[in-house]
Amino acid sequence: MSKTYTHSKSGSTIAIHPYGATLTSYQTKNTEHLFVSDLAKLDGSKPIRGGVPLVFPIFGPPPAGSTMPQHGFARRNTWEFVASTDDEDAAKVTYQLELANVKEGLGDEEWKSGTYNCKLLYAVEFSDASLSTTLTMQNTGDVAFPVQALLHTYYKIHDAKALDGNLCYVKGLKGYTNTDKVTKETPYVWTNDTITISNETDRVYSSDTVDAVKVEIGVGNGSVVQLSAKGTVDGIVVPVSCVVWNPHVDKAAGMSDFGNNQYHEMLCVEPGILGQHTLAPGKEATLTQVVVPP
Ligand code: BG6
């Protein structure tokens, strides 16, 4: 079951499910900003379909020869609550996952055998002014490991307007390289101001030169969410990519934990550290997004 936390001063709330430390709700002024599928499994039998699943240590399907599950193990295990505070400016909740408590999805031998070791911390800070989610990944072992991470954020698109390009869009990725996982065409520089949804959309926008992602998201009812994100590996700022995903008709029909028509009600905008990075022993990587609601 998700646990609800309140910021007393503003009355805004979040809910976190310990399975995957999945943020399943963020509400300000009685408005929900996150989408969770009607058919999401909340019993630990599957990663939660909605909210903000945490992707670590790989994004997407495993590389050749690896048996790591898609998007890694962070979203498939039960995290421990660490602490919560409720201050004037914001409330803050922290969860953690140590490798010793990872039961599902370790995949590769280096993780299973303890050659690699890690501790994950997840801090969610919120008020009615913003939501900030930070994933901190620590290498607690003696061997460096490859690291990718992503905050797989499902935005609620109000009034089921995800396919209305005037009301639902992502702006701010002009100049990024678009790797389109649906058309599979050669990656190319995105020259439009705006991304809208008219068919299955699964694209990774990346840049070698811009470190922090900054986009605005039209959420269906004329209002706009501002998103910014940044990442570090061993204290060094690294470029953050941004995935834009909507399954549309066919893919929605093929997902057992997603309603056939619910692609009208959501849009995933997912900042991530997706380059080739290695985390050395004793070092940490961080990925932070800040969401400013309408
Ligand atoms: C997105 C990927 O981040 O997540 C898509 O780019 C994928 O390719 C989607 O389909 C959902 O993944 P999953 O594993 O939660 O079904």
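Owing to the predicted nature of the structure, the values given are computational and were not obtained by experimental measurement. Only this structure's heavy atoms are used, side chains among them; waters, hydrogens and symmetry mates stay out. Ligands are counted one by one from 1 in listed order, and the atoms in each one are counted from 1 as well.
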Could you tell me whether Asp180 and Arg203 have a side-chain N and a carboxylate O separated by less than 4.0 Å?
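Result for this pair is yes, salt bridge flagged.
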Strictly below 4.0 Å, N to O, side chains only: are Glu32 and Lys156 in salt-bridge contact?
no
Between ligand 1 and the protein, give all atom pairs where both partners are nitrogen or oxygen and the distance is under 3.5 Å, as lines of names plus distance to 0.1 Å.
from     : atom 1 : to     : atom 2 : distance (Å)
ligand 1 : 3 (O)  : His152 : NE2    : 3.1
ligand 1 : 3 (O)  : Glu270 : OE1    : 2.6
ligand 1 : 3 (O)  : Glu270 : OE2    : 3.4
ligand 1 : 4 (O)  : His71  : NE2    : 3.2
ligand 1 : 4 (O)  : His152 : NE2    : 2.8
ligand 1 : 6 (O)  : Lys181 : NZ     : 3.1
ligand 1 : 6 (O)  : Asp202 : OD1    : 2.6
ligand 1 : 8 (O)  : Lys181 : NZ     : 3.4
ligand 1 : 8 (O)  : Asp202 : OD2    : 2.5
ligand 1 : 10 (O) : Lys251 : NZ     : 3.1
ligand 1 : 12 (O) : Gln70  : NE2    : 3.3
ligand 1 : 12 (O) : His71  : NE2    : 3.4
ligand 1 : 14 (O) : Gln70  : NE2    : 2.9
ligand 1 : 14 (O) : Arg75  : NH2    : 2.9
ligand 1 : 15 (O) : Arg49  : NH1    : 2.9
ligand 1 : 15 (O) : Arg75  : NH1    : 2.8
ligand 1 : 16 (O) : Arg49  : NH1    : 3.2
ligand 1 : 16 (O) : Arg49  : NH2    : 3.0

How about Phe73 and Phe56: are their ring centroids closer than 6.0 Å?
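Between Phe73 and Phe56, the centre distance is under 6.0 Å.
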If you link ILVMFWY side chains whenever their heavy atoms are less than 4.5 Å apart, which other residues fall into the same cluster as Met1? By chain and number, please.
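None; Met1 is a cluster of one.
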Cluster partners of Ile236, using ILVMFWY side-chain heavy atoms under 4.5 angstrom, listed by chain and number?
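Members other than Ile236 - counting any ILVMFWY side chain reachable under 4.5 Å - there are none.
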Please identify each residue that fulfils side chain to side chain contact (heavy atoms under 4.5 Å, CB included) with Lys174, with sequence neighbours left out.
Asp193
